[in-house]
Structure formats: C-alpha cells, structure tokens
Amino acid sequence: MGEYSKVVGQVQSIVKKQNQWRKKECINLIASENVTSPLVDAAYQSDFSHRYAEGEPGKRFYNGTKYVDEIEPICNELAKKLFSAKMANCQTISATVANMAMVRMFTQPTSTVISNSASGGGHISHNKMGAVGLLGNNQVSFPTTEDGYHIDVDAAKKTIEKTGKDLRNRFSLAIFGCSMFLFPQPVKELAPVIKDQGATVAYDAAHVLGLVAGKKFQQPLAEGADIMVSSTHKTFFGPQGGLMLANMEENQWKRYRPYVFPGVLSNYHLHRFPALAIAFAEMLEFGESYATQVTKNAKFFAQALAKEGFKVQAEEFGYTESHQVMVDMNPQGGGKQAANKLEESNIILNFNLLPFDAGSKVANPSGVRIGVQEMTRWGMKEGDFGELAVIFRKALIENKNCKDEVLALRNRFQKVQYTFDLPVA
Ligand SMILES: Cc1ncc(COP(=O)(O)O)c(C=O)c1O
C-alpha cells in the first residue's frame with residue numbers, strides 16, 4: 001500500500017459521515033438547497049462526467065459526442081415544455097454563470113442595470129460586486145415599499161423613466177428575482193415601462209424555479225420577461241446547475257449563443273444532463289402537487305412560528321407566498337446566534353440580512369432565512385412543521401438542546417417523494 005492510501009479511507013469516512021448527518025439526521029432548511037431522487041442520483045453517475053462536448057448538438061468541437069447529442073436536446077425540449085418557453089439552454093453550470101452570460105448579452109460596459117439591492121433581497125450577480133459590476137455596468141436599485149419585501153411599483157416606474165433619460169449610461173437591462181424572496185415581483189406592471197425605455201426584461205428564478213414549474217408562483221415569461229435564468233437545484237429537482245429560458249425567435253437567440261459558449265463556458269459538465277432530464281420529467285409529473293405542498297408548508301410554518309413567539313416577517317402580507325420564511329431573531333441574540341444554536345440540535349438554516357439591516361451587518365445580521373422545500377420533498381406536511389415550530393421554541397426561547405427530538409422527527413422522513421416508483425438502473 002502506498003503512503004497516501006490512507007487518504008482514501010479518510011475521504012470515504014468523511015463522505016459517509018456527511019451522508020449520514022445531512023441526508024438522514026438533519027432537518028435541512030437552507031432555502032437554496034434540495035435533495036435529488038435516487039433516480040436522478042443514479043443518472044448523475046456516468047461516463048458523461050469524463051467527457052467534453054464544446055459547442056451544441058450537431059455542431060461540436062470534440063469527437064465521441066453522439067450520446068451527448070441525444071441527451072442535450074431532450075433536456076432542452078422538456079425545459080421548453082415545462083416553462084412554455086420558445087428557447088432553452090441547459091449548459092451553464094450555475095445560475096451565477098447564467099447571469100454572467102445574460103448580463104453580457106444585453107449590456108455594454110457603462111450600461112445601467114436596474115435590479116434588486118442586497119438589502120431588498122437581490123443576489124450578488126445583480127449588483128456591483130457580481131456579474132453586473134464585473135462587466136462594467138452601473139447598478140440602480142428598484143425602490144421598495146416600507147416593509148422592504150416588495151418593489152414599490154409607482155416609485156419604480158419613476159426610477160425606470162429617470163434612468164432611461166441618462167444617455168451616457170444607457171439603461172439596457174432590468175433584472176427581477178431575489179435570494180430573499182417571499183412574494184412575486186411586479187413583472188407584469190413594470191415590463192412594459194422597461195421595454196418603453198428600450199431595455200430588456202430578465203428574471204432570475206434561481207430560488208423559485210420549482211414553484212414556477214408547479215404553477216404556484218408567478219409565470220415570468222408569460223408576464224413579460226424576455227429571458228429567465230435560474231439554478232436547477234433550489235426549489236427544483238435537478239442536480240446543481242444553471243438554466244436559461246427565453247421567449248425569443250431562434251435567430252435572435254442564436255445571436256446571443258456565443259456569450260454562453262465560448263463566453264462563459266468551455267466544458268459544461270455533461271453528467272448533469274441525464275440527471276436533469278429525469279428531474280424535468282419528475283417536475284412535469286409531480287411539480288404541481290409538490291409546489292402546492294411547499295407553499296402550504298411555508299405559510300403554515302410561518303404562522304406556527306409566530307404562535308410560538310417568534311418575530312416572523314411580513315405578517316401583514318400573510319408572511320410568504322414562496323418556499324421561504326424570514327424571521328427577525330434579534331430577541332434570540334441575532335441571526336447568527338440563532339442559526340448556530342439550531343445547528344447544535346441538527347436544524348440547518350442560514351443567517352440573513354433583513355431589509356432594515358445595514359449592509360455592514362452581513363456577517364451578523366438580524367434574521368434567518370428558512371426554506372421548507374427540501375423537507376417537503378422528504379414528505380413533511382403542515383402538522384410536521386407545527387411540531388418543528390415547537391422544537392424551535394424549545395431550542396431558541398427555552399434554550400434546550402433538541403437533538404433527540406429532531407432525530408426522531410427526521411427519522412419519519414427518509415424517502416424522497418414526488419418521484420417515479422421505478423427501479424434505479
Ligand atoms: C437569485 C439568485 N440568483 C443566483 C444565485 C446563484 O445560484 P448558483 O449557486 O446556481 O450560482 C442565487 C443563489 O442562491 C440566487 O439566490
């Protein structure tokens with residue numbers, strides 16, 4: 001045995017511990033995560049992970065790609081069907097990469113992009129430190145209403161018109177969609193105003209893609225978005241990856257293709273494709289019942305947490321219409337302390353800025369962001385989230401360690417739901 005063979009055993013042991021802990025013993029409430037079905041997992045492990053296929057089906061810069069050319073169009077066609085989109089591209093390896101290509105498609109350095117600010121829930125891609133800024137654009141934020149969870153439509157119309165008058169920094173792109181995402185965004189109301197200024201309307205559905213697919217959230221393309229970018233693994237059932245959908249004619253879409261390849265991609269991680277195709281099929285078959293349960297669970301959990309004494313955000317708007325619940329944890333010592341305390345009891349979520357937090361509080365913000373989508377996929381329903389709210393009270397208000405209760409609760413949900421009852425090949 002070579003000197004380094006013990007690394008193998010060490011790695012295998014780490015993987016085993018990870019699988020045991022996060023997959024079997026934790027209540028996972030990170031709003032950007034999910035779990036894939038055994039069918040998707042099996043399809044993910046294949047020879048495709050060893051291969052290259054730059055280009056697109058039928059037009060490759062590598063040989064040996066005949067089966068990539070079979071699987072990639074299946075993904076594109078299922079994506080188009082699921083989202084009633086004219087064009088689909090499943091190549092980008094994450095939403096951040098999809099955003100980079102998308103921003104480059106519709107802007108020139110010194111263009112202006114209007115998007116959600118970090119405190120308004122926007123993603124880094126849409127702001128100065130991410131794709132928008134890296135590509136040399138100015139960024140202007142959509143104004144929000146006083147609660148901080150909605151775009152102020154009247155004020156936004158004025159911002160759009162004023163931004164459109166700046167001829168030096170041409171207003172080229174508006175991006176809807178958030179990371180802290182409780183309510184639909186006013187795409188229908190603002191898309192015509194944005195287009196009047198000659199700008200493109202984009203929607204980042206990374207967080208809510210599974211709810212859009214299940215028709216339980218707004219339908220951005222039907223409401224006027226020209227392009228939608230996304231992750232495939234937050235509320236959606238896919239392996240980690242990116243997605244671009246557009247309501248454009250083929251000629252126009254083709255003109256933008258070089259920004260994907262070779263713009264932001266060379267190899268694009270082909271092993272995602274068989275897994276993604278199955279995830280699309282699962283969504284087409286089960287998406288509506290899954291998304292219905294996710295939105296019911298989120299609302300119920302928000303109400304239950306409020307009843308247990310937590311400061312759940314956006315009460316006056318019914319707390320949430322998505323998979324997320326935001327809670328002000330200042331009475332419990334702040335978001336970070338609450339998240340760490342919950343982890344001691346095997347409950348995993350993340351601390352998060354709330355709209356009233358200064359940006360400087362990013363490492364120790366007031367809030368936590370909760371997502372119910374993964375535990376919904378494991379089969380939890382409203383009553384189970386009621387039990388979880390009681391555990392939150394015991395852990396965070398009564399300062400008890402609740403690991404045993406969490407293990408017992410989690411033990412009841414060990415099989416991924418909303419998938420086909422078929423043998424794993
Ligand atoms: C709105 C939004 N866009 C993009 C991303 C980035 O997604 P990915 O991890 O697929 O790059 C996130 C991540 O959470 C997000 O919230």
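When reading the values below, keep in mind they use all heavy atoms of this one structure, side chains included, and skip hydrogens, waters and symmetry mates. Note that ligands are numbered from 1 as they come in the structure, with each ligand's atoms numbered from 1 the same way.
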*Between Phe310 and Phe392, what is the ring plane arrangement, given parallel below 30°, perpendicular above 60°, and tilted in between?*
perpendicular

To atom 13 (C) of ligand 1, the nearest of Lys234, Gln240, Glu33 on a heavy-atom basis is Lys234

Within the 4.0 Å heavy-atom cut-off, what Ser179 brings close to ligand 1 is both

For Ala206, the ligand 1 atoms with a heavy-atom partner under 4.0 Å come out as 2 (C), 3 (N), 4 (C), 15 (C)

Closest to atom 3 (N) of ligand 1 among protein heavy atoms sits Asp204 OD2, 2.6 Å

If we number the atoms of ligand 1 from 1 as shown, the ones under 4.0 Å from a heavy atom of Ser231 are 7 (O), 8 (P), 10 (O)

- Query: Parallel, tilted or perpendicular for His150 and Phe183, by the 30°/60° rule?
  - Reply: parallel

Charged N to carboxylate O under 4.0 angstrom, Asp41 versus Lys23?
yes

Q.
Within 45 degrees of the ring normal and closer than 6.0 Å to the centroid, is that where the cationic atom of Arg377 sits relative to Phe237?
A. yes

Worksheet item: Hey, is Cys178 one of the residues with a heavy atom under 4.0 angstrom from ligand 1?
Response: yes

Looking only at non-hydrogen atoms, the one of His233, His123, His207 nearest atom 12 (C) of ligand 1 is His123

message = Please report whether ligand 1 has a polar contact with Ala95, defined as an N or O pair separated by less than 3.5 Å (distance criterion only).
response = yes

Does the side chain of Cys178 come within less than 4.5 Å of Gln185's, by heavy atoms? yes

### Message
With respect to Thr96, determine whether any N or O atom, backbone or side chain, lies less than 3.5 Å from an N or O atom of ligand 1.
### Response
yes

Rounded to the nearest 0.5 angstrom, the CZ-OG distance for Phe106 and Ser111 is 12.0 Å

* Do any nitrogen or oxygen atoms of His126 lie less than 3.5 angstrom from nitrogen or oxygen atoms of ligand 1? -> no

### Task
Look at the rings of Phe61 and Phe261 and say which category their plane angle falls in: under 30° parallel, 30 to 60° tilted, over 60° perpendicular.
tilted

